[in-house]
Amino acid sequence: MAGVSTLLKYKLTVLGDESVGKTSIIIRFTYDKFDSTYQPTIGIDFLSKTVHLEDFAVRLQLWDTGGKERFRNLIPSYIADSSYIVIVYDVTNRKSYLNISTWIEDVRTKRGNDAVIVLVGNKTDLVDKRQVSIEEGDNQARKFGCMFVETSAKDGFNVRHVFFRIISNVRQYK
Ligand code: GDP
Ligand code: MG
């Protein structure tokens with residue numbers, strides 16, 4: 001029917017260590033804003049964003065995870081329910097990069113190779129503080145069979161690209 005396009009809905013969960021920029025990436029993508037004051041995410045937050053394309057639209061339900069142990073127990077059920085997973089590390093925090101494998105294991109345990117994972121190295125604007133090279137990020141992504149993007153939620157660099165990688169994957173299989 002003319003003027004009516006198919007709406008595809010997908011769940012996406014964002015994982016990664018505290019303070020790497022998970023919430024900031026989601027806020028940048030949905031509202032095109034950035035806040036430099038840190039407000040830790042308590043439990044699990046939810047935002048939705050619809051992207052309209054020529055012949056169809058995609059509604060992404062974005063699940064933003066956070067908090068300490070008490071809430072980490074909740075994360076596996078969100079992983080189980082998501083077609084897409086974004087795992088974020090901070091390019092100025094080597095520990096957050098080393099922890100990627102733990103997050104990937106959590107996903108693979110729940111989903112096998114079923115879920116599509118995008119690995120994101122965030123905070124590229126902090127050039128002088130970088131502790132992880134783009135090659136290291138790329139190698140890790142190849143090793144685990146993920147897509148890979150470096151971003152800055154602060155200046156907006158590549159943030160849309162993360163979600164468009166996912167949407168082009170949707171297009172491929174729709
Ligand atoms: P989360 O705990 O993973 O959700 O991290 P937040 O999104 O809350 O971000 C943690 C802190 O890092 C906040 O103070 C943000 O303003 C800051 N931050 C997030 N992304 C970036 C970025 O791309 N560049 C810079 N310079 N700071 C960022
Ligand atoms: Mg957060």
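Counting starts at 1 for both ligands and their atoms, following the listed order. We use all heavy atoms of the structure for the numbers below, so side chains are in, but hydrogens, waters and symmetry mates are not. Position 1 is the first residue of the sequence; numbering continues from there. Bear in mind the structure is a predicted one, so any value in this text is a computation, not a measurement.
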Protein contact of atom 8 (O) of ligand 1 - nearest heavy atom, named by residue and atom, plus distance: Y38 CE1, 3.0 Å

Closest approach of any protein heavy atom to atom 24 (N) of ligand 1, naming residue and atom: D125 OD1, 2.7 Å

Close-contact set for ligand 1 against D35 heavy atoms, below 4.0 Å: 15 (C), 16 (O)

Which residue and heavy atom of the protein sit nearest atom 12 (O) of ligand 1, plus the separation: K123 NZ, 3.1 Å

Atoms of the protein (N/O/S only) found under 2.8 Å from the Mg ion (ligand 2): T23 OG1, T41 OG1

Salt bridge (Lys or Arg N to Asp or Glu O under 4.0 Å) contacts touching residues 95-105 (sequence neighbours left out): none

Whether S36 lies under 4.0 Å from ligand 1, heavy atom: yes

Protein heavy-atom partner closest to atom 20 (N) of ligand 1 - residue, atom, separation in Å: N122 ND2, 3.1 Å

Greater than 12 external heavy atoms within 6.0 Å of Y31's OH: no

Backbone of Y89 reached by a side-chain donor or acceptor of N122 within 3.5 Å: no

Residues which pass side chain to side chain donor-acceptor pair (under 3.5 Å) with R165, listed by chain and number, not counting sequence neighbours: none

Neighbour count >12 (heavy atoms, 6.0 Å) for atom CZ, R160: no

Nearest non-hydrogen protein atom, atom 5 (O) of ligand 1: G21 N, 3.1 Å

Those atoms of ligand 1 less than 4.0 Å from some heavy atom in T23: 4 (O), 7 (O)

Salt-bridge criterion met for R142 and E135 (N-O under 4.0 Å): no

Any side-chain donor near an acceptor of the partner, D90 and S96, under 3.5 Å: no

Residues R130 and E136 bridged, charged N to O under 4.0 Å: no

Atom indices of ligand 1, in the order listed, that fall short of 4.0 Å to a heavy atom of L126: 26 (N)

Exercise: do D155 and S152 side chains pair donor with acceptor under 3.5 Å: yes

Heavy-atom nearest neighbour of atom 28 (C) of ligand 1 within options F157, Y89, F34: F34

Distance filter under 4.0 Å to S24 heavy atoms, resulting ligand 1 atoms: 6 (P), 7 (O), 9 (O), 15 (C), 19 (C), 20 (N)

Contact with ligand 1 for G66, non-hydrogen, under 4.0 angstrom: no

Within-cut-off N or O pair, K154 and ligand 1, under 3.5 Å: yes

Any donor-acceptor N or O pair under 3.5 Å, side chains Y84, N169: yes

Whether over 12 other heavy atoms sit under 6.0 Å from K49 NZ: yes

Sub-4.0 Å heavy-atom approach of S19 to ligand 1: yes

Residues in ring-ring contact (aromatic ring centres under 6.0 Å, His included) contact with F157, at least two apart in sequence or another chain: none

Which atom of F148 lies closest to which atom of I134, heavy atoms considered: CE2-O, 3.6 Å

Shortest protein contact, atom 23 (O) of ligand 1 (heavy atom only): A153 N, 2.9 Å

